[in-house]
Visitor: 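Before I ask anything, let me first share the structure, which is written out below as structure tokens.
Only this structure's heavy atoms are used, side chains among them; waters, hydrogens and symmetry mates stay out.
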Amino acid sequence: MSLSALRAENEVNDMSRTDNKAIKKLAFVGVMASFAIVLGYLELILHLDPGIYGAKIGLSNLAVVVTLYLADNKSALFVLAVKVIVTSLLFGSILSFFYSLAGGIISFTAMTLLKRFSPLGVTGVSIAGGTAHNIGQLAVAVVAFDNLKIAFYLPVLLIVGALTGLLIGLLATFTVNRLGKLSPFGSE
Amino acid sequence: MKKADIILLVAILAVALTALAAVLIMRDSSADTVVVTVDGKEYARLPLTEDTELIINSESGGVNKLTIKDGKAYMSEASCPDKVCINTGALTDITPIVCMPNNVIVSLESGK
């Protein structure tokens, strides 16, 4: 028996031993992570900037919210990490990495807590996430610039965060409803 | 959308709009001094009434060019890739020009 045939047989054995659900989850999270990167690229090439400085739609957060609802917190955190690291490497800078990281951590914390402990639905959780994201980024900006003056920009960023969160939330509701059956954990 | 979602959205927008109104009411229309801050330190102070150009060098090696012309201050050149500061347009007392990559803030204050 050739070596490659042996290897193939081993793989088949491993596959059958591994939990089917785990494979589904791995594939799902992988697809969602690449979805996040593609969305980030799409936003970049389509110039989907709202035209207010410091403001972005953050389409790739759609992948994070969808994973949060169709899989679990840990999977969503993984998608978020891929999103932050890869999109910063590909399309951003070291600076955008830190802003993205700060916004990502605070919005993720807000979203997981609200999903667990509040009556909010997908859209509400996403709105809170978008708002929290911008608060986190502005906090980093205040520290980075060592200048409290830019905190005056907070109201504008709150509105932008809530509206982008609304958009992502509506898209996420739609996606979750459509993808529900494909989820490794079944539809919620 | 659930009812709670709508309440949250309205609440955030209400708070933000109130804060925005407060900022707009408190705006300082007598502001006439352009203050350039680089890396957290004051770099230059220029009168808005005087046409001039200022090259701003930041510690990170970034270069910005600030132009003051006809009572308007704007960023005319920047070494950063995103050009957000240029697209911001003219400086007003409530919207500072911010160049994140080069750590430059240009704001408008009332002169002393």
Visitor: Decide whether A:I106 and A:L114 are clustered together by the hydrophobic rule: side chain heavy atoms of Ile, Leu, Val, Met, Phe, Trp, Tyr closer than 4.5 Å, transitively.
Guide: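 Unlinked, A:I106 and A:L114 end up in two clusters.
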Visitor: Answer with side chain, backbone, both or neither: which region of A:L120 has an atom nearer than 4.5 Å to a non-hydrogen atom of chain B?
Guide: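 Looking at A:L120, backbone and side chain both touch chain B.
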Visitor: Would you say CD of B:E42 has more than 12 non-hydrogen atoms from neighbouring residues, nucleotides or ligands within 6.0 angstrom?
Guide: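 It does: B:E42 CD has more than 12 such atoms within range.
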Visitor: Count the heavy atoms belonging to other residues, nucleotides or ligands that lie under 6.0 Å from CZ of A:F98, then report whether that count exceeds 12.
Guide: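 Open.
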Visitor: Given that the side chain runs from C-beta out, which part of B:V104 has a heavy atom under 4.5 Å from chain A: side chain, backbone, both or neither?
Guide: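 It is the backbone, since no side chain atom gets that close.
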Visitor: Within a radius of less than 6.0 Å around CZ of A:F97, do more than 12 heavy atoms belonging to other residues, nucleotides or ligands occur?
Guide: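 More than 12 heavy atoms, drawn from other residues, nucleotides or ligands, come within 6.0 Å of this atom.
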Visitor: Going only through I, L, V, M, F, W and Y residues with side-chain contacts under 4.5 Å, is there a path from A:L90 to A:I85?
Guide: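 Yes, A:L90 and A:I85 fall within the same hydrophobic cluster.
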Visitor: Would A:V38 and A:V31 show up in the same hydrophobic cluster when neighbours are defined by side-chain heavy atoms closer than 4.5 Å?
Guide: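 Looking at the clustering, A:V31 is in a separate group from A:V38.
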Visitor: B:V34 and B:Y74: same hydrophobic cluster, using ILVMFWY side-chain contacts below 4.5 Å?
Guide: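 No.
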Visitor: Hey, could you give me the CG/CG distance between A:L163 and B:L13, rounded to the nearest 0.5 Å?
Guide: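 The distance works out to 5.5 Å.
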Visitor: Enter the distance from B:L8:CG to A:I127:CD1 here, rounded to the nearest 0.5 Å.
Guide: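 Nearest 0.5 Å value for the CG-CD1 distance: 5.5 Å.
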Visitor: Looking only at heavy atoms, what is the nearest atom pair of A:L158 and B:A16, with distance?
Guide: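 Distance-wise, the nearest heavy atoms are CB-CB, 3.7 Å.
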Visitor: Once you round to the nearest 0.5 Å, how far does CD1 of A:I159 lie from CG of B:L17?
Guide: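 If I round to the nearest 0.5 Å, the distance is 4.0 Å.
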Visitor: With a 4.5 angstrom heavy-atom cut-off, which part of A:L154 approaches chain B: side chain, backbone, both or neither?
Guide: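 Nothing of A:L154, per the 4.5 Å heavy-atom cut-off to chain B.
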Visitor: Of the listed residues (A:S118, A:S96, A:P119), which shares the most heavy-atom pairs with chain B below a 4.5 Å separation?
Guide: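 Looking at each option in turn, the highest pair count goes to A:P119.
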Visitor: Just so I understand: if I count every heavy-atom pair under 4.5 Å between each of A:G124, A:S126, A:G169, A:G165 and chain B, which residue has the most?
Guide: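 Option with the greatest count: A:G124.
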Visitor: Can you say whether A:T173 sits under 4.5 Å from chain B via the side chain, the backbone, both, or neither, judging by heavy atoms?
Guide: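 Looking at A:T173, nothing touches chain B.
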